[in-house]
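Here is the structure we will look at.
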Amino acid sequence: MKNWMKCSIAAALAAAALISGGCGGQSGDASGKIKIGVVQIVQHGSLDEANRGFVDALKERGYGPDKVEIEQENAQGDQSNLKTIVSRFKAEKPKLICAIATPAAQAAANEIKDIPIVGTAITDYTSAKLVQNDERPGGNVTGVSDFAAMDAQMELAAKLIPQAKHVGLIYCSSEVNSEVQANQMKDYCKKHDLAVEERTVNNVNDIQQVAESLIGKVDYIYVPTDNTLASSIPTLMKITDANKIPVIVGADIMAKDGALAALSVDYYRLGKQTGELAADILDGKVKPETSPIQHQKDYTIVINKQDAEILGLTIPEEIAKKANMV
Ligand code: TRP
């Protein structure tokens with residue numbers, strides 16, 4: 001929030017300048033820089049990487065610190081923080097807003113209709129009601145999705161745990177991004193004769209109990225890119241490792257945090273793609289309402305070697321060759 005405190009001082013100065021006839025204009029500050037607001041739901045690897053990529057791409061496109069003031073805001077996983085941040089953006093009128101992860105984009109889109117909002121690391125824009133449809137968003141929101149094809153994710157799991165017949169699924173029931181992934185995962189399992197043991201959590205405090213309820217019932221557990229579970233992979237792994245249950249996750253960072261494997265987008269590259277889109281909007285080349293949602297089609301496989309050892313699993317040669325072993 002420090003930046004905004006600086007801003008209120010700047011606002012006071014600008015007000016003083018107004019009296020003497022000066023005015024910084026709508027989305028520039030007193031120094032004439034363009035203002036961009038970034039709102040991120042929570043601090044964790046994937047989202048931090050997307051954020052970094054966004055800033056780097058803007059810089060490469062001529063929107064570096066000499067021209068742009070980026071207001072970085074993190075809601076620390078708290079909905080009421082999100083509201084506060086978004087209200088501030090509404091009042092400050094930055095030229096563009098970057099929203100990282102679904103809850104951040106929903107909060108921004110609900111409040112702000114007249115500033116371009118570019119989303120990143122968002123699973124499904126249409127289900128989250130951020131756009132009318134992916135091909136023609138129709139409003140002030142567009143962006144880049146991080147949804148990795150579910151078939152490819154499940155096929156990776158099938159190669160790592162070929163004998164699996166029962167699969168666990170854990171996610172937070174209030175996250176639409178997780179619900180979309182869960183539904184696709186269940187569809188895949190239905191088609192491939194896999195029984196699903198589905199468990200939802202309301203918050204991080206439920207994770208332990210939910211994980212314990214799957215012991216002895218499943219051959220592996222799948223966790224989608226869920227913002228509630230994101231920072232709790234180590235909590236989950238304590239239980240699953242002790243019971244030798246492999247965990248397959250939706251994002252590379254979650255495998256780096258201890259899960260067995262992920263097939264996911266590269267979040268830094270995703271952020272760069274988002275920065276490019278933002279630069280196109282700032283340049284006046286495209287408009288959010290007619291800019292289709294973008295996807296990343298080539299995925300990275302991440303395998304956690306140490307976890308494979310704990311589980312006593314041998315990684316098939318074919319996967320080990322193309323995977324990023326961490
Ligand atoms: N895709 C999630 C969303 O739409 C955000 C996300 C990206 C995420 N990577 C993640 C969540 C990794 C948890 C872990 O909100």
Side-chain angles (χ1 to χ4, degrees), residues 38-54 74-79 82 98-110 117-131 134 141-150 153 169-185 200-201 203-204 207 221-237 247-274 293-296 299-300 302 304 326:
V38 178
V39 54
Q40 181 173 323
I41 175 67
V42 67
Q43 190 164 13
H44 75 74
S46 308
L47 305 186
D48 296 349
E49 282 295 282
N51 196 331
R52 199 165 64 82
F54 175 76
N74 193 306
Q76 319 287 357
D78 184 316
Q79 284 292 338
L82 270 183
C98 173
I100 309 183
T102 303
Q106 286 176 322
N110 280 341
I117 299 172
V118 173
T120 195
I122 288 168
T123 303
D124 190 308
Y125 288 75
T126 303
S127 308
K129 300 196 168 63
L130 292 165
V131 297
D134 279 23
V141 183
T142 186
V144 184
S145 161
D146 68 341
F147 203 172
M150 190 53 69
Q153 294 188 59
L169 166 65
I170 306 180
Y171 64 100
C172 172
S173 45
S174 62
E175 289 195 32
V176 60
N177 43 293
S178 304
E179 208 185 324
V180 171
Q181 297 170 82
N183 287 339
Q184 288 208 7
M185 184 269 192
T200 56
V201 301
N203 55 54
V204 286
I207 294 171
I221 294 173
Y222 175 72
V223 179
T225 62
D226 181 292
N227 295 289
T228 308
L229 280 146
S231 46
S232 300
I233 294 299
T235 312
L236 178 65
M237 298 314 295
V247 176
I248 307 291
V249 286
D252 51 3
I253 309 279
M254 296 158 103
K256 287 180 189 151
D257 277 354
L260 175 66
L263 177 140
S264 91
V265 298
D266 176 318
Y267 282 89
Y268 177 73
R269 278 211 291 122
L270 199 80
K272 284 198 94 173
Q273 198 176 341
T274 315
I293 299 306
Q294 300 183 14
H295 292 264
Q296 204 178 87
Y299 309 122
T300 332
V302 177
N304 188 314
V326 296

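Counting convention: from 1, in listed order, for ligands and their atoms alike. Just so it is clear, the model here is predicted, and its values are computed rather than measured.
Side chain to side chain, Asn177 and Glu175 meet the donor-acceptor criterion of an N or O pair below 3.5 Å.
Residues meeting the side chain to side chain contact (heavy atoms under 4.5 Å, CB included) test with Ser264, sequence neighbours left out: Asp252, Tyr267.
Using a 4.5 Å cut-off on side-chain heavy atoms (C-beta onward), Leu260 and Asn304 make no contact.
A donor-acceptor pair under 3.5 Å is absent between the side-chain atoms of Glu49 and the main chain of Gly271, judged by distance alone.
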Inset, instruction - Check the pair Gln40, Asn51 against side chain to side chain donor-acceptor pair (under 3.5 Å), reporting the backbone distance first and the verdict last. - result: CA-CA 8 Å; Gln40 181 173 323; Asn51 196 331; 2.9 Å; yes
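Taking CZ of Phe54 as the start and NZ of Lys272 as the end, the distance is 13.0 Å to the nearest 0.5 Å.
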Ligand 1: protein N/O within less than 3.5 Å of ligand N/O:
{"residue": "ligand 1", "atom": "1 (N)", "partner": "Ala121", "partner atom": "O", "Å": "3.0"}
{"residue": "ligand 1", "atom": "1 (N)", "partner": "Thr123", "partner atom": "OG1", "Å": "3.0"}
{"residue": "ligand 1", "atom": "1 (N)", "partner": "Asp146", "partner atom": "OD1", "Å": "3.2"}
{"residue": "ligand 1", "atom": "1 (N)", "partner": "Asp146", "partner atom": "OD2", "Å": "2.8"}
{"residue": "ligand 1", "atom": "1 (N)", "partner": "Thr225", "partner atom": "OG1", "Å": "3.0"}
{"residue": "ligand 1", "atom": "4 (O)", "partner": "Thr102", "partner atom": "OG1", "Å": "2.5"}
{"residue": "ligand 1", "atom": "4 (O)", "partner": "Ala121", "partner atom": "O", "Å": "3.2"}
{"residue": "ligand 1", "atom": "4 (O)", "partner": "Thr123", "partner atom": "N", "Å": "3.0"}
{"residue": "ligand 1", "atom": "4 (O)", "partner": "Thr123", "partner atom": "OG1", "Å": "3.3"}
{"residue": "ligand 1", "atom": "9 (N)", "partner": "Tyr267", "partner atom": "OH", "Å": "3.0"}
{"residue": "ligand 1", "atom": "15 (O)", "partner": "Thr102", "partner atom": "N", "Å": "2.9"}
{"residue": "ligand 1", "atom": "15 (O)", "partner": "Thr102", "partner atom": "OG1", "Å": "3.1"}
{"residue": "ligand 1", "atom": "15 (O)", "partner": "Asn177", "partner atom": "ND2", "Å": "3.4"}
{"residue": "ligand 1", "atom": "15 (O)", "partner": "Asn227", "partner atom": "ND2", "Å": "2.9"}

